[in-house]
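Note on naming: letters A, B, ... go to the chains in the order of the sequence lines (proteins, then strands), and numbering restarts at 1 for each one. What you see below is based on every heavy atom in this structure, not just the backbone, and it leaves out hydrogens, waters and symmetry mates.
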2 protein chains.
Amino acid sequence: MRKDSRLSRVLHILVHLDAAEQAATSEQMAQMLQTNPVVVRRTMALLRERGYVQSSKGHKGGWSLAKPLAQITLLDIHQALGDSSVFTIGLTDEHTNCPIEHAVNAALKDVMDEAENLMIKRFGEITLDVLSQQFSKH
Amino acid sequence: MRKDSRLSRVLHILVHLDAAEQAATSEQMAQMLQTNPVVVRRTMALLRERGYVQSSKGHKGGWSLAKPLAQITLLDIHQALGDSSVFTIGLTDEHTNCPIEHAVNAALKDVMDEAENLMIKRFGEITLDVLSQQFSKH
DNA sequence: CCATTAAGTAACTTTTATTGTTACATTAAA
DNA sequence: TTTAATGTAACAATAAAAGTTACTTAATGG
C-alpha cells in the first residue's frame with residue numbers, strides 16, 4: 001500500500017530549520033529530501049497556513065520557523081497536512097441497506113477509531129523540541 | 001490515500017457464507033461486492049491457505065466455510081490478507097546517517113507501533129460469530 | 001531601476017500498487 | 001462429454017502521490 005511520507009519528511013525539515021541560522025530555501029530543502037522544490041513548497045504551505053512556519057520571497061528569502069519547536073506537537077503537524085484517515089484499511093459502503101455489511105463495518109470502525117484516538121493522543125503529547133533534543137544527545 | 005477494502009469485503013462474504021445453505025460461487029460473491037470473480041478468488045485463496053474456507057471446482061462447486069465463525073477472529077482474517085502495515089503514514093529512510101531523521105522516525109514508529117498493537121489486540125478479541133449475531137438482532 | 005533570487009501556483013507528467021479484465025487450463029458433476 | 005466451476009498468468013485500467021515545467025510575483029542588492 002502506498003505510503004504518505006510527508007509527515008516524516010516535514011518533521012525532518014522543521015528540526016533542521018530550528019538548527020539553521022538563516023532561512024532555508026525550498027531548493028535546499030528539496031536537495032536534503034532528494035525531491036523537488038515545488039513539492040517542498042506545497043507541503044510547507046500547509047504548515048504556513050497554520051502559522052508554524054513563515055516564508056519570504058526574493059533575495060535572502062526562504063523558510064523559517066514561526067513558532068518555537070516546544071510549542072508545536074506531532075499532532076499539530078499531522079493535522080496541518082490534512083485529516084485523511086491514517087489507516088490503509090477501508091470500509092465498503094456499497095450496500096448501505098445490508099445489515100451484515102453494517103455489522104462488519106461497525107466492528108472495524110470501532111477498533112480503528114480506538115487505535116486512531118490513541119495515536120492522536122500520543123502525537124499530541126510529543127513536542128518537536130523533544131525530537132531535537134533526542135538527536136542532540138548523539 | 002488509497003484504501004484496501006479487502007478486509008471489510010471478505011468479512012462481509014464470510015458472514016454471508018455462514019448464513020448460506022450451499023457453496024457460493026465466485027461469480028455470485030463478485031456480484032454481491034460489485035466486483036470481478038477473479039478478484040474474489042484472489043482474496044479468498046489467501047483465506048483458504050490458512051484453512052478458513054474451502055473451494056471446490058466443477059458443478060455445484062464454489063466456496064464454503066472450513067471452520068465455524070466462532071473459531072475465526074478479525075485478526076485471523078486481517079493477517080491472512082497479508083501483513084503490510086495498516087498505516088498510510090510512511091517513514092523515510094533516505095539518509096540513514098542523519099540523526100535528525102532517526103529521531104523523527106523513531107518517535108513516529110513508537111506511536112504507530114503502539115496504535116497498531118492496540119488494533120491487533122482488539123481484532124484478536126472479536127470472533128466472526130459476534131458479527132453474525134449482531135446483524136441477526138435487527 | 002534593473003538584475004537576480006526566491007516563493008506562488010497552475011497545469012501537466014510520471015510512478016506505482018491495487019484493482020479489474022481477458023484468456024485459457026483444469027477439474028468435477030450431471 | 002458437455003457444462004459449470006475454480007486456478008492462474010498476463011495484461012489493462014485506475015487513482016493518488018510525487019515529480020516537473022513554465023510562468024508570475026515579490027523583495028533585495030548593486
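Side chain of Trp63(A), nearest nucleotide from dT6(D), dG20(C), dG8(C): dG8(C). Minimum atom distance to the side chain of Asp4(B) is reached by dT19(C), of the listed dT19(C), dT20(D), dT6(D). Closest to the side chain of Val39(B), out of dA7(C), dT21(C), dT20(D), is dT21(C). Comparing dT6(D), dT20(D), dG20(C) by their nearest atom to the side chain of Val38(A) picks out dT20(D).
For Thr35(B) and dG20(C), the shortest distance from a side-chain N or O to OP1 or OP2 is below 4.0 Å. Put simply, Ser26(B) has a side-chain N or O that comes within less than 4.0 Å of OP1 or OP2 on dT6(D). Put simply, Thr25(B) has no side-chain N or O that comes within less than 4.0 Å of OP1 or OP2 on dA5(D). For the OP1/OP2 pair of dG8(C) and a distance below 4.0 Å, the side-chain nitrogens and oxygens of Ser55(A) include at least one atom meeting the criterion.
Residue Arg6(A) contributes atom CZ, which lies 13 Å from atom P of dA16(D) at whole-angstrom precision. For Leu33(A) and dG19(D), the CG to C1' distance is 13 Å, given to the nearest whole Å. What separates CD of Gln22(A) from P of dA6(C) is a distance of 10 Å, to the nearest Å. To the nearest angstrom, P of dA17(D) lies 21 Å from CD of Gln34(A). Rounded to whole Å, atom P of dT21(D) lies 12 Å from atom CD of Glu27(A). Look at CG on Leu81(B): it is 12 Å from P on dT18(C), rounded to the nearest Å. Summarising the geometry, the separation between CG on Asn36(B) and C1' on dA23(C) is reported as 12 Å, rounded to the nearest angstrom.
If you take CG on Leu75(B) and NZ on Lys121(B), they are separated by 12.0 Å, rounding to the nearest 0.5 Å. Rounded to the nearest 0.5 Å, atoms CE (Met119(A)) and CG (Asp113(B)) are 9.5 Å apart. Taken from CD in Gln133(B) to CG in Leu69(B), the straight-line distance is 9.5 Å, to the nearest 0.5 Å. From Met32(A), atom CE reaches atom SG of Cys98(B) across 7.0 Å, with rounding to the nearest 0.5 Å. Between atom CE of residue Met44(B) and atom OH of residue Tyr52(B) there is a gap of 13.0 Å, rounded to the nearest 0.5 Å. Interatomic distance, NE2 of His102(B) versus CG of Leu131(A), reported as 14.0 Å (0.5 Å rounding).
Near DNA chain C, meaning a heavy atom under 4.0 Å from it, residues 40-49 of chain B has Arg42(B) in order of number.
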Atom pairs, N/O to N/O, protein against nucleotides 23-30 of chain D, distance under 3.5 Å?
{"unit_1": "dA26(D)", "atom_1": "O4'", "unit_2": "Lys57(A)", "atom_2": "NZ", "d": "3.4"}

Q. Can you check side-chain contact (heavy atoms from CB on, under 4.5 Å) on Ile126(B) and Thr73(B), steps first, answer last?
A. CA-CA 5 Å; Ile126(B) 301 173; Thr73(B) 66; over 6 Å; no
Q | Criterion side-chain contact (heavy atoms from CB on, under 4.5 Å) on Leu74(A) and Leu11(A), from CA distance to verdict | A | CA-CA 8 Å; Leu74(A) 288 184; Leu11(A) 289 172; 3.5 Å; yes
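Under the 4.5 Å side-chain heavy-atom criterion for Ile, Leu, Val, Met, Phe, Trp and Tyr, Ile77(B) and Val39(B) are members of distinct hydrophobic clusters.
For Ala66(B) against Gly51(B), the heavy-atom pair with the smallest separation is CB-O, 3.5 Å.
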